[in-house]
Amino acid sequence: MRRVPDTAIRVKIAPDQKSVVTGDGEFVINPYEEYALEQGVQLKEKYGGEVSVLTLGPERSTNVILKALALGADKAIHLKSENFPDDPSAVARAIAAELKTVEFDVVLFGKKGVDDDNQQVGPMVAELLGIPCVTQIVKLDITAGKAVAHREVEGGVIVVETSLPSAFTAEKDLTVPRYASLRELVAASKKPMLVKAPQQFPGVLETVSVQYPPPRPPGRVLGKGVEAVPILVKVLHEEAKVI
């Protein structure tokens with residue numbers, strides 16, 4: 001489970017032009033991990049077992065871990081690091097190293113982090129563990145030691161059957177996350193949370209620069225009503241070159 005800046009905050013590029021200033025901005029559970037967490041809790045409610053949350057991040061990740069525990073996770077592992085490389089390969093190796101020490105049937109990731117959009121950590125972890133991985137799923141059924149996952153594609157659905165253990169990355173239509181009650185938020189602090197240092201792995205990517213997107217050009221009024229249609233078609237064809 002990732003801790004990410006709330007997408008409502010205003011992003012400010014740091015003076016080094018290679019990172020963004022997060023400061024004391026609001027941080028939340030990565031939305032795609034909320035879908036994955038809800039799926040895990042639903043599987044537990046249907047089949048039994050337990051849901052463990054694994055987070056790699058700084059001390060301040062405790063708040064989102066407690067939120068996950070309030071949402072139905074049974075326990076948490078916090079790989080605490082204040083300066084772990086912001087690199088999908090390094091993160092995946094650290095997570096895989098930890099998962100090799102525990103038993104599991106299903107590993108659920110969000111399809112991506114809303115901060116970097118890299119979509120790499122889940123499949124990388126699965127590859128390092130030597131287990132199957134089905135990405136961007138919108139439905140998951142578990143029966144008799146196997147899983148059937150649905151992936152939406154343009155014009156249809158791909159249905160994938162795989163053995164367990166397996167990894168899956170969650171799309172937004174997988175579940176509807178529940179809300180935590182005040183009682184559940186209070187009880188979360190009593191659930192077990194193991195805090196330990198992650199295994200260290202070097203990053204293999206270098207951020208060269210971070211830039212704001214170019215400003216949008218001002219809009220143009222081409223006319224009114226049906227008389228403007230030929231002008232609009234001409235502009236789209238000759239200037240925008242989209243038709």
Residues forming a salt bridge (Lys or Arg N to Asp or Glu O under 4.0 Å) with Glu59, sequence neighbours excluded: Lys80
Report all side-chain donor-acceptor pairs from residues 105-115 shorter than 3.5 Å, counting only partners two or more places apart or in another chain.
from: Lys111; atom 1: NZ; to: Glu171; atom 2: OE1; distance (Å): 3.4
from: Lys111; atom 1: NZ; to: Glu171; atom 2: OE2; distance (Å): 3.0
from: Asp115; atom 1: OD1; to: Arg2; atom 2: NH1; distance (Å): 3.0
from: Asp115; atom 1: OD1; to: Arg2; atom 2: NH2; distance (Å): 3.4
from: Asp115; atom 1: OD2; to: Arg2; atom 2: NH2; distance (Å): 3.0

Arg3 CZ: over 12 foreign heavy atoms closer than 6.0 Å: yes
Closest approach of Ala147 to Leu164 (non-hydrogen atoms, all atoms of both residues): CB-CD2, 3.9 Å
Contacts of type side chain to side chain donor-acceptor pair (under 3.5 Å), residue Glu50, not counting sequence neighbours: Lys75
Let me check something: any side-chain donor-acceptor pairs from residues 191-218 under 3.5 Å, sequence neighbours excluded? List them with distances.
from: Lys191; atom 1: NZ; to: Leu69; atom 2: O; distance (Å): 2.8
from: Lys191; atom 1: NZ; to: Ala73; atom 2: O; distance (Å): 2.8
from: Lys196; atom 1: NZ; to: Glu98; atom 2: OE1; distance (Å): 3.1
from: Lys196; atom 1: NZ; to: Glu98; atom 2: OE2; distance (Å): 3.4
from: Ser209; atom 1: OG; to: Gln211; atom 2: NE2; distance (Å): 3.4
from: Tyr212; atom 1: OH; to: Ile13; atom 2: N; distance (Å): 3.0

Those residues that, when tested against Ser52, pass side chain to side chain donor-acceptor pair (under 3.5 Å) (two or more places apart): none
Expected output: side-chain Lys44 to main-chain Gly72 donor-acceptor under 3.5 Å: yes
His150 side-chain N/O to Val160 backbone N/O, donor-acceptor pair under 3.5 Å: no
Other cluster members, Leu222 - Ile/Leu/Val/Met/Phe/Trp/Tyr, side-chain contacts below 4.5 Å: Val229, Ile231, Leu232, Val233, Val235, Leu236, Val242, Ile243
Interatomic spacing from CZ in Arg220 to CD in Glu239 - rounded to 0.5 Å: 4.5 Å
Val4 and Val28: CA distance, side-chain angles, deciding distance, side-chain contact (heavy atoms from CB on, under 4.5 Å) verdict: CA-CA 6 Å; Val4 298; Val28 297; 4.1 Å; yes
